[in-house]
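Atoms considered below: every heavy atom in the structure, side chains included; atoms not considered: hydrogens, waters and symmetry mates. Chain letters run A, B, ... following the sequence lines, proteins first and then strands; every chain starts at 1.
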Number of protein chains: 8
Amino acid sequence: MDEEKLRQLLEQLKRDEISIDEVLDNLKELPFKDLGFAKVDHHRELRKGYPEVVYGEGKTEEQVVEIVSEMLKKDSNILVTRTSQKTYQAVKEICSQAEYHHLARAIVIRRRKIEVSDTYIAVVTAGTSDIPVAEEAALTAEMMGNRVERIFDVGVAGIHRLLAHLNVIRGAKVVIVVAGMEGALASVVGGLVERPVIAVPTSVGYGASFKGLAALLAMLNSCASGVAVVNIDNGFGAGYLASLINRG
Amino acid sequence: MDEEKLRQLLEQLKRDEISIDEVLDNLKELPFKDLGFAKVDHHRELRKGYPEVVYGEGKTEEQVVEIVSEMLKKDSNILVTRTSQKTYQAVKEICSQAEYHHLARAIVIRRRKIEVSDTYIAVVTAGTSDIPVAEEAALTAEMMGNRVERIFDVGVAGIHRLLAHLNVIRGAKVVIVVAGMEGALASVVGGLVERPVIAVPTSVGYGASFKGLAALLAMLNSCASGVAVVNIDNGFGAGYLASLINRG
Amino acid sequence: MDEEKLRQLLEQLKRDEISIDEVLDNLKELPFKDLGFAKVDHHRELRKGYPEVVYGEGKTEEQVVEIVSEMLKKDSNILVTRTSQKTYQAVKEICSQAEYHHLARAIVIRRRKIEVSDTYIAVVTAGTSDIPVAEEAALTAEMMGNRVERIFDVGVAGIHRLLAHLNVIRGAKVVIVVAGMEGALASVVGGLVERPVIAVPTSVGYGASFKGLAALLAMLNSCASGVAVVNIDNGFGAGYLASLINRG
Amino acid sequence: MDEEKLRQLLEQLKRDEISIDEVLDNLKELPFKDLGFAKVDHHRELRKGYPEVVYGEGKTEEQVVEIVSEMLKKDSNILVTRTSQKTYQAVKEICSQAEYHHLARAIVIRRRKIEVSDTYIAVVTAGTSDIPVAEEAALTAEMMGNRVERIFDVGVAGIHRLLAHLNVIRGAKVVIVVAGMEGALASVVGGLVERPVIAVPTSVGYGASFKGLAALLAMLNSCASGVAVVNIDNGFGAGYLASLINRG
Amino acid sequence: MDEEKLRQLLEQLKRDEISIDEVLDNLKELPFKDLGFAKVDHHRELRKGYPEVVYGEGKTEEQVVEIVSEMLKKDSNILVTRTSQKTYQAVKEICSQAEYHHLARAIVIRRRKIEVSDTYIAVVTAGTSDIPVAEEAALTAEMMGNRVERIFDVGVAGIHRLLAHLNVIRGAKVVIVVAGMEGALASVVGGLVERPVIAVPTSVGYGASFKGLAALLAMLNSCASGVAVVNIDNGFGAGYLASLINRG
Amino acid sequence: MDEEKLRQLLEQLKRDEISIDEVLDNLKELPFKDLGFAKVDHHRELRKGYPEVVYGEGKTEEQVVEIVSEMLKKDSNILVTRTSQKTYQAVKEICSQAEYHHLARAIVIRRRKIEVSDTYIAVVTAGTSDIPVAEEAALTAEMMGNRVERIFDVGVAGIHRLLAHLNVIRGAKVVIVVAGMEGALASVVGGLVERPVIAVPTSVGYGASFKGLAALLAMLNSCASGVAVVNIDNGFGAGYLASLINRG
Amino acid sequence: MDEEKLRQLLEQLKRDEISIDEVLDNLKELPFKDLGFAKVDHHRELRKGYPEVVYGEGKTEEQVVEIVSEMLKKDSNILVTRTSQKTYQAVKEICSQAEYHHLARAIVIRRRKIEVSDTYIAVVTAGTSDIPVAEEAALTAEMMGNRVERIFDVGVAGIHRLLAHLNVIRGAKVVIVVAGMEGALASVVGGLVERPVIAVPTSVGYGASFKGLAALLAMLNSCASGVAVVNIDNGFGAGYLASLINRG
Amino acid sequence: MDEEKLRQLLEQLKRDEISIDEVLDNLKELPFKDLGFAKVDHHRELRKGYPEVVYGEGKTEEQVVEIVSEMLKKDSNILVTRTSQKTYQAVKEICSQAEYHHLARAIVIRRRKIEVSDTYIAVVTAGTSDIPVAEEAALTAEMMGNRVERIFDVGVAGIHRLLAHLNVIRGAKVVIVVAGMEGALASVVGGLVERPVIAVPTSVGYGASFKGLAALLAMLNSCASGVAVVNIDNGFGAGYLASLINRG
């Protein structure tokens with residue numbers, strides 16, 4: 001369409017209906033509004049097959065339903081994060097394909113087959129309380145076409161449990177480590193594997209954990225190389241980044 | 001050697017010189033000290049070609065020289081980060097191959113040819129003051145066999161400069177964004193490219209930048225997906241992680 | 001009036017009805033209570049046409065109704081910020097002119113025509129969650145006689161959306177930028193326009209956003225010149241200041 | 001020039017030397033690199049008469065001299081902030097017009113006459129220790145063509161001194177308040193004048209001032225309307241913003 | 001009683017029933033357990049007439065009633081701070097003299113006449129939201145026998161209101177200043193009076209007030225001499241300390 | 001079992017059914033998964049008699065009941081911390097031996113007799129509000145076979161109360177000090193006894209106590225030697241550590 | 001003098017030398033500049049005998065000498081705080097009466113006899129490192145005419161030393177407690193005496209003392225009533241406030 | 001001596017030279033000043049053989065020499081922590097027995113034979129930069145008569161190194177873990193051993209380590225039971241506490 005407009009302009013020019021100066025004036029107005037748009041969004045094509053994502057926190061049932069019903073007009077898969085079972089039931093009414101993942105607190109609508117990568121992402125948690133965040137990461141990655149291996153509850157207070165799963169972790173193309181409290185698991189895993197490690201601090205803990213700050217700082221100061229950190233409880237971000245790396 | 005010991009044990013068993021119980025007792029003692037060692041370090045073989053690294057900060061000239069002279073006994077390349085020209089001169093005396101990278105404040109000793117990857121890492125900085133950290137990242141990545149494209153001084157206060165280099169940034173397999181002050185560049189780049197972005201906050205700034213804390217928090221809260229963060233001024237960490245991703 | 005009193009005193013002096021000492025004693029008492037008052041409040045006349053403002057947070061329905069009913073005795077317009085629909089209904093009962101602005105969570109009572117400025121204030125938000133704060137700013141500015149242009153949801157993760165509205169933003173006399181999370185939008189806008197930018201960090205975000213602290217610090221450290229910051233979520237303050245600048 | 005290229009393209013089109021499709025292909029490549037550039041920088045023309053600015057902190061004598069000698073090729077005025085007398089002497093050698101402002105720790109090179117605004121900016125400080133930051137603000141504003149009135153050392157511990165200068169402060173188009181310690185002056189001035197107030201917290205103080213944090217927080221929480229805040233010790237930023245408002 | 005024991009010991013000594021060494025051994029055991037008690041508490045006699053105080057926060061109705069009923073066995077006055085009307089009604093049932101002070105959220109039981117001091121304490125607040133804390137301070141001081149003058153809502157955004165009450169404030173023996181937000185009032189009052197000023201930061205405010213931290217830091221950094229600070233919202237502590245100073 | 005496998009391997013070797021190389025290959029796979037397991041957990045045998053512990057916070061009634069019913073299959077004692085009376089009643093239904101400790105908010109199931117140590121642990125609190133945390137510590141220690149002496153409400157504002165109990169405190173093998181607000185009790189006790197002191201900051205307090213941070217920092221900076229600190233409100237951790245020391 | 005001017009005006013009016021309007025015009029100009037001055041400064045008369053004070057920190061030798069030489073034109077005593085022996089020697093050259101107090105790092109010039117109060121201020125320190133701050137407080141108080149009793153190095157790690165001096169502390173009209181590290185001494189003293197306690201946190205300590213923050217928070221959260229706090233290391237402020245209370 | 005006075009009093013009583021009342025009056029004055037002293041210090045006898053300790057930081061050479069020369073009058077061993085080689089040389093001049101421990105930055109004077117405990121303390125560090133703090137801990141413990149086993153540079157980034165020393169660590173009566181950066185080692189060790197673990201965060205690190213804060217928080221939030229924490233870099237405190245536990 002934008003191209004159409006441009007083409008029309010140039011044709012008018014060729015037909016001498018407008019002057020070169022008029023074309024120039026028109027072009028000056030276009031760059032960002034029209035041409036620019038196309039250009040900047042050009043890379044979105046890479047996203048083919050990626051789900052549409054709704055960040056559910058702070059949104060009412062009505063708002064989620066409205067957004068989802070809009071998305072349903074296109075044929076992509078849909079992922080609603082940080083949402084409740086109650087919202088799920090409302091979504092279910094407008095789309096019977098909707099499923100609810102309790103642990104991840106997420107709604108998933110699969111309408112296109114997702115091709116699964118050969119390489120996989122390992123998602124590792126320190127404790128059982130870290131599982132909701134880990135599931136959000138895992139589900140995000142799965143919706144983006146990644147194979148995911150879950151290794152949960154292998155925190156450093158019982159390091160043999162972690163060591164017992166070392167082969168699976170080392171086999172991954174990228175590792176997501178989810179841990180609250182002192183967040184030490186990220187460093188231990190980072191020291192054991194030669195893979196990119198995405199550390200997700202969680203708000204699990206109390207007192208001087210300051211809602212995840214202790215784990216966040218620990219992970220940023222990891223003595224192991226190859227570790228980077230996302231925001232506290234940001235399972236979605238970790239899954240998304242891991243997918244970019246795995247499918248890279 | 002460890003394997004040798006084990007083999008001897010088993011041979012002794014076969015020759016009936018020791019009992020099965022004695023072998024078992026011996027094995028119980030081994031796991032971590034002997035077998036374990038081999039196992040845990042097994043993955044280090046992947047690192048072939050990687051340089052030996054010395055973290056120079058807080059080390060005296062004598063200490064650096066001593067560590068480097070030890071490393072010179074092996075044939076790997078050597079990288080000394082966060083060091084001074086003065087220390088470089090001392091190192092130069094024991095190894096004429098040593099070079100000093102002023103911007104990165106690093107000593108490099110290349111003794112083995114480094115094969116360069118086809119895909120590349122883009123290193124982007126917001127301002128000129130962020131360059132030392134960016135060069136540490138770039139040099140680290142180069143020493144690990146990565147092609148690096150540098151795009152410096154394209155901060156968000158003049159966003160057209162960034163946009164002018166968009167194609168180079170988008171062509172990278174992974175992008176390192178180095179920025180101090182408000183650290184906004186990470187989000188802007190993260191929004192423009194569909195690649196993993198490693199954000200490095202720098203301590204550039206004053207007052208309420210709190211030595212890089214402002215940039216760190218901003219990067220952790222990036223509204224763009226696909227961004228993870230390393231410690232303030234941690235150019236080495238970013239370069240190392242980017243290499244793991246690029247050479248994946 | 002105060003002047004009247006003084007004049008009377010001096011006339012009494014001239015008529016010898018009181019002594020110089022008595023005049024002096026009277027004057028010593030006056031400065032702040034009387035003269036001073038007039039003097040200090042003198043500038044309030046500039047505020048003509050400005051609305052009376054009630055900060056609604058933490059006030060009960062009864063309290064708001066009582067304050068508003070007192071204000072209704074004068075003929076100025078009235079703005080109640082940070083209030084609920086329930087309080088609005090109570091106010092409606094004593095003043096049928098009252099309107100409720102859902103997004104801004106504000107009650108407005110227009111009893112005098114507001115003359116609108118030729119120049120305008122642009123109010124820009126990063127995300128949709130920032131809109132309540134932005135609407136508080138916009139409404140405040142409008143109640144103070146300013147034309148306001150709203151450009152919402154143009155955050156830096158999709159910078160082309162922002163660029164598409166650049167002309168409107170550049171045409172403003174002053175720009176209010178409302179953003180949570182990493183607050184990068186303030187720097188980007190500050191780099192694109194040569195106008196005063198008032199940045200409003202919002203508490204939108206989670207984890208390391210620390211209820212708006214990340215955005216606040218980012219905005220204070222903006223690499224763009226011409227940016228100043230108000231308190232987290234302080235839409236009213238931004239609208240008020242923008243009005244002072246626009247109507248200057 | 002860019003326009004020139006475009007014009008040539010269009011002339012080629014008219015002369016049938018290239019096709020419409022070829023023009024379109026060319027245009028798609030242009031936006032940011034060429035057209036975009038022009039467009040984004042277009043607003044810089046508004047800055048006519050503004051000085052070139054060098055942020056001197058952390059730069060060596062040599063670096064400043066090099067940057068300044070580059071700037072001297074153009075004919076604009078030059079301002080070097082946060083620099084030393086020693087650097088000044090080096091600059092003096094390449095430009096005899098250079099002057100050093102001790103209090104502001106700034107080098108000024110005036111090569112074009114600066115037209116001074118009729119309206120003025122008031123720069124107010126709480127104590128004498130705040131003067132360097134205030135002078136940086138004042139000098140910046142003056143270099144940008146603003147009349148500046150200085151009212152120094154009128155902190156709230158002796159409020160009569162402030163009240164004695166109220167008329168001058170109220171006569172300003174915009175007021176810059178510079179204060180360390182508890183930063184209360186911003187609120188008091190904000191309550192006394194109906195003008196935009198730009199508050200600059202300074203790092204003056206000790207102990208629980210936490211290098212300006214106390215003043216910063218106080219200013220952000222000002223109970224007076226019409227106050228916005230810039231970074232700690234950011235005299236330049238305040239002067240720049242005040243100029244945008246005053247000359248707006 | 002303790003004295004009795006000692007006396008018996010000494011009498012036994014005189015009667016040669018025990019040796020000097022035995023007395024010494026006994027004395028070594030006594031100091032803190034027996035003698036010490038008396039000694040350390042000796043100064044409590046100064047407190048005569050002071051009320052018994054119950055800190056009500058976090059206590060259930062039942063707990064408060066139980067503590068009060070215990071106190072009623074003695075004849076001192078009773079003050080229950082930070083409590084609810086509901087708790088008051090429960091207390092009322094066991095003591096008809098109980099009164100509830102809504103603003104101060106306190107229960108008062110007056111059973112002994114309180115002699116009132118000639119000199120007085122001034123309690124000053126910045127805003128109306130600071131009044132509950134101020135009333136807690138005022139009531140505490142009154143229950144301890146002090147005359148209190150209340151000057152409320154004289155914040156620095158309208159400094160003439162404060163100046164209008166200057167004589168009353170200056171006439172006090174000690175001044176309590178209660179303020180939230182930026183807490184500037186403490187400095188302004190401290191600069192205007194030559195009296196001890198007890199500053200009480202309140203949690204009034206939002207965003208960067210960080211629940212009173214901004215006011216707390218401001219007050220600690222007061223540029224006025226003669227100001228000391230108590231904990232956020234600690235009206236009781238301020239009233240108690242002011243009483244110690246006033247009744248000195 | 002693991003040992004069984006190993007023994008079988010060795011027996012196969014002796015019977016020449018497998019080669020030494022095959023045994024070696026098998027062993028390389030074992031370390032962590034099998035042998036390692038045994039080894040790492042080997043020290044758990046020391047824990048004989050220790051209770052199984054469930055951290056109740058954030059767990060639903062159903063979850064606690066499920067975990068407990070699993071534990072009941074073994075014969076060890078059970079301790080559920082940070083739980084409610086309601087959860088207790090649910091547990092009671094599946095185990096009539098369950099008791100609820102109101103102050104400690106803990107469920108205890110004693111199925112094996114606990115031998116009590118001769119030496120004892122003193123648990124000291126500053127105020128009555130610190131008692132729940134103290135009781136959690138005491139109960140934990142008791143369940144681990146320690147004699148515990150409780151000395152509650154001996155805060156430093158009335159130091160004679162503390163001194164009166166000095167002998168009991170000094171007689172302990174290790175002392176747990178539980179205090180909120182300014183946490184001074186840890187230093188005072190640390191100065192009076194020559195025993196290990198475990199300090200537990202509590203979240204008791206308000207305003208600048210920042211939910212226990214003030215006490216935590218105070219305890220970390222204790223001027224008395226021999227004091228170490230656990231997390232805010234971490235009664236369980238203190239009791240556990242004290243038991244390790246007492247039963248050492 | 002101001003009164004003199006006013007009286008002249010009124011006499012001129014009575015003599016018909018000026019009109020009532022002229023008097024009014026004059027008066028309008030006066031309030032703050034003249035009348036106000038007198039009024040606001042009126043209370044300074046109470047300060048008779050108080051020293052002139054120079055805050056020496058950050059001032060050069062030349063600056064101090066210049067300020068002192070100006071002050072020497074009047075006959076009041078002079079106190080220069082936070083200054084060096086080197087500055088003292090420079091001051092000595094213009095005033096032979098100058099003395100240097102090493103511990104307090106202060107210069108004192110006594111030119112008027114100071115009458116000493118009957119009641120006294122007790123200055124108590126926790127450690128020997130706190131003495132410089134304590135001496136600043138004591139010297140300030142002495143220069144303001146107060147008798148001061150020093151009780152140093154009686155920190156809570158050896159509480160018997162404090163108890164040994166209890167009578168002297170209890171005999172004071174007001175107590176200054178100076179302590180770094182965990183600042184517990186303020187609470188202990190506050191619990192032992194029924195006097196106003198001014199707590200001065202010092203920056204003595206390391207690590208988690210965060211330059212006095214730990215002591216500051218502890219003191220603000222004191223469980224003892226009657227304690228207020230000044231800024232970290234603010235000996236002058238404590239001495240000044242104590243003098244206001246003691247001489248009250 | 002104090003006892004002498006008491007004895008004299010009692011003898012005077014027996015000789016009827018004073019009355020029982022007079023003795024009582026005298027005793028009331030004594031408790032803390034005299035008797036008390038003896039009592040409180042009574043437990044110091046337990047310290048027999050413990051060294052006298054001088055905290056060297058911030059003390060001049062002269063001050064250390066003076067304190068040491070005073071201590072030399074008694075015959076106990078002496079430990080000067082956090083001191084320089086230069087100070088050591090000054091001490092050496094007055095005491096030829098003095099030795100300097102470079103790593104621990106400590107002076108040791110051994111004049112009495114130290115009996116060494118059978119059980120031992122393990123001191124474990126994460127990196128080589130943590131060694132100075134670890135040596136301070138080890139030396140302190142040794143001076144107090146403990147056998148110490150050092151296991152250095154076994155950080156979690158290479159966990160096999162730690163596992164290789166597990167037997168030595170498990171054999172200790174108490175373990176000191178010294179670690180900077182993310183402090184994860186404390187949790188890993190705490191999970192592997194059933195012994196009291198004293199965690200010492202160090203200021204090793206940069207950026208978001210915030211001078212040891214990250215390690216401190218991590219250690220306080222350890223997911224392993226049996227861990228307590230001392231101040232950042234507080235090697236002495238850890239060694240002292242470990243000695244109390246080991247020799248307990």
Find the distance between CG (G:Leu217) and CG (G:Leu213) and round it off to the nearest 0.5 Å.
4.5 Å
Partners passing side chain to side chain contact (heavy atoms under 4.5 Å, CB included) against F:Ala242 (at least two apart in sequence or in another chain):
F:Ile121, F:Val174, F:Ile176, F:Ile198
Report the distance from atom CD1 of F:Ile169 to atom CD1 of F:Ile151, rounding to the nearest 0.5 Å.
4.5 Å
Locate the shortest heavy-atom distance separating G:Ala238 from G:Ala137; write the atom from each residue and the value.
CB-CB, 4.5 Å
G:Ala106 and G:Leu139 have their tightest heavy-atom pair at CB-CD2, 3.6 Å
G:Val189 vs G:Val227, test: side-chain contact (heavy atoms from CB on, under 4.5 Å). Steps then yes/no.
CA-CA 9 Å; G:Val189 168; G:Val227 179; over 6 Å; no
With 3.5 angstrom as the limit, list the donor-acceptor pairs from chain G to chain F, or say none if there aren't any.
{"residue": "G:Glu182", "atom": "OE2", "partner": "F:Ser187", "partner atom": "OG", "Å": "2.2"}
{"residue": "G:Glu182", "atom": "OE2", "partner": "F:Cys223", "partner atom": "N", "Å": "2.9"}
{"residue": "G:Ser187", "atom": "OG", "partner": "F:Glu182", "partner atom": "OE2", "Å": "2.3"}
{"residue": "G:Ala208", "atom": "O", "partner": "F:Asn221", "partner atom": "ND2", "Å": "2.9"}
{"residue": "G:Ser209", "atom": "N", "partner": "F:Asn221", "partner atom": "OD1", "Å": "3.1"}
{"residue": "G:Asn221", "atom": "OD1", "partner": "F:Ser209", "partner atom": "N", "Å": "3.1"}
{"residue": "G:Asn221", "atom": "ND2", "partner": "F:Ala208", "partner atom": "O", "Å": "2.9"}
{"residue": "G:Cys223", "atom": "N", "partner": "F:Glu182", "partner atom": "OE2", "Å": "2.9"}

Any idea which of G:Ala184, G:Ala186, G:Gly180, G:Ala208 has the most non-hydrogen atom pairs under 4.5 angstrom with chain F?
G:Ala208
Below 4.5 Å, heavy-atom pairs only: which of F:Gly183, F:Cys223, F:Ala214, F:Ala215 has the largest tally toward chain G?
F:Cys223
Could you give the distance from CD1 (G:Ile159) to CD1 (F:Ile159), rounded to the nearest 0.5 Å?
3.0 Å
